[in-house]
Amino acid sequence: MSRSGITRLLDLLRLETAASASELSAAWLELASEPGIVALVAQEGAEVWLYRRLRQVGVANDDPSIGTLRASAHRSVVRGLRVDDETVAALALLDEAEVPVALIKGQARRAATALYPWADARSISDVDLLVRSDHAQRAWDILVAGGYTFAVDPARSYADHHHLPPIIGSRKVAVEIHTSTSPGVPPLEAWRRTTAVSDPVTWSGRSLRVPCATELLWHAVDHAFVQGPAAATRLRALLDGAAILSSGREIDWDLIRHRMAGEVREADSGELATPAKMSQWLAAAAELGGVALPASFSGTRPLPIEALVRWRQIVRGAFAGQPHLIEEASRCEMNATWSPVPPTTPAWKRARRTLAAAAARACYRTWRAVATQRGH
């Protein structure tokens, strides 16, 4: 896909834009002719979001150009509804046993669409439930007694993990009982943050409380970086932030900045996600939400989402989606170190991994320089 095609895609995804509805509709008609557009949007986890935006700007539901996207969005919506049903079933079992539980991450946002209208407009695959650490094993046992089974190899250890082994119910949706929202946050602190300041909502016929906007935004950026730079720069992750930022709900930016100072660790490494990286992420999410960050973030350069989305599409098409090419491109744009190698790895494997990481970055930098020079 061309650079102009990715630019049009991001313009269409952006919730607030200077372009008129007719201009956006025309942009979609041009974009719809680009090969692989629907597959790209689905891989980025943004098909529902794009479909809603097109309906919002007046692209008719019976327009032939939207048919494939509508089908892809419908599949994502059905998956989301199945996750919702699994959440309701799990909550019913835990409520009956009087186990205190809180919705977190994607499911919390989905339950709070009255407060965050776009919060459910991205793909979701599992159920995340936060339980106080002293109730976690009991909660897991209750679900297993209710018919849930291992969703992973039972021999795999979760002793040092922030959630118990994922289990799966009759709807084939994984449920994770969390003791914390992140590997770096103590369980009691995670429970306090999630429940101390919360908002009441009504969802699926029950009254619930969900984390406040500050905590939902922090969960979004925290979870993105815990998964690593490649996952953090995927549209699916950034739309989480965009949905919250575009809602207009009050956010404690002083608290966000305080936490950015050093609490998030990237996956499988001791590297801290720096305030600069997280500020870039927030700026990119704000762009998709069509809003501005506070003055304290002025001058922050957003992550180059256009270049990274184009690179991911090229890698998926030409290199069978080689993950190290995508990972190192993302780390390069964040000025992050090369992908970490476990210290117990043999020296020759460490050397090979380092060379592969260097080659992947060189490949991306060369492509970026050529694409910039050619202007596409």
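None of the values given here were measured: they were computed from a predicted structure.
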Participant: To the nearest 0.5 angstrom, please state how far the OG atom of S72 sits from the CD1 atom of I66.
Facilitator: 11.5 Å
Participant: Can you tell which of D126, D84, D128 makes a side-chain hydrogen bond (donor to acceptor under 3.5 Å, both in side chains) with Q107?
Facilitator: D84
Participant: Is it the case that the side chains of W338 and T354 hold a donor-acceptor pair, with the cut-off being a distance below 3.5 Å and no angle test?
Facilitator: no
Participant: Between Q313 and R310, do the side chains contain a donor N or O and an acceptor N or O under 3.5 Å apart?
Facilitator: no
Participant: Do S182 and D222 have side-chain N/O donor and acceptor atoms under 3.5 Å apart?
Facilitator: yes
Participant: Where does the angle between the aromatic ring planes of W253 and F297 fall among parallel (under 30°), tilted (30 to 60°) and perpendicular (over 60°)?
Facilitator: perpendicular
Participant: Could you check whether R75 pairs with E47 (Lys NZ or Arg NE/NH1/NH2 to Asp/Glu carboxylate O, under 4.0 Å)?
Facilitator: no
Participant: Any luck finding a side-chain donor-acceptor pair between R234 and S330 under 3.5 Å?
Facilitator: no
Participant: Heavy atoms only: give me the nearest A213-D199 pair and the separation to one decimal.
Facilitator: N-OD2, 4.2 Å
Participant: Looking only at heavy atoms, what is the nearest atom pair of P211 and H219, with distance?
Facilitator: CG-CE1, 4.2 Å
Participant: Using 30° and 60° as the class limits, which term best fits the ring planes of Y364 and W311: parallel, tilted or perpendicular?
Facilitator: perpendicular
Participant: Minimum heavy-atom separation for L130 to W191, with atom names?
Facilitator: O-CZ3, 3.4 Å
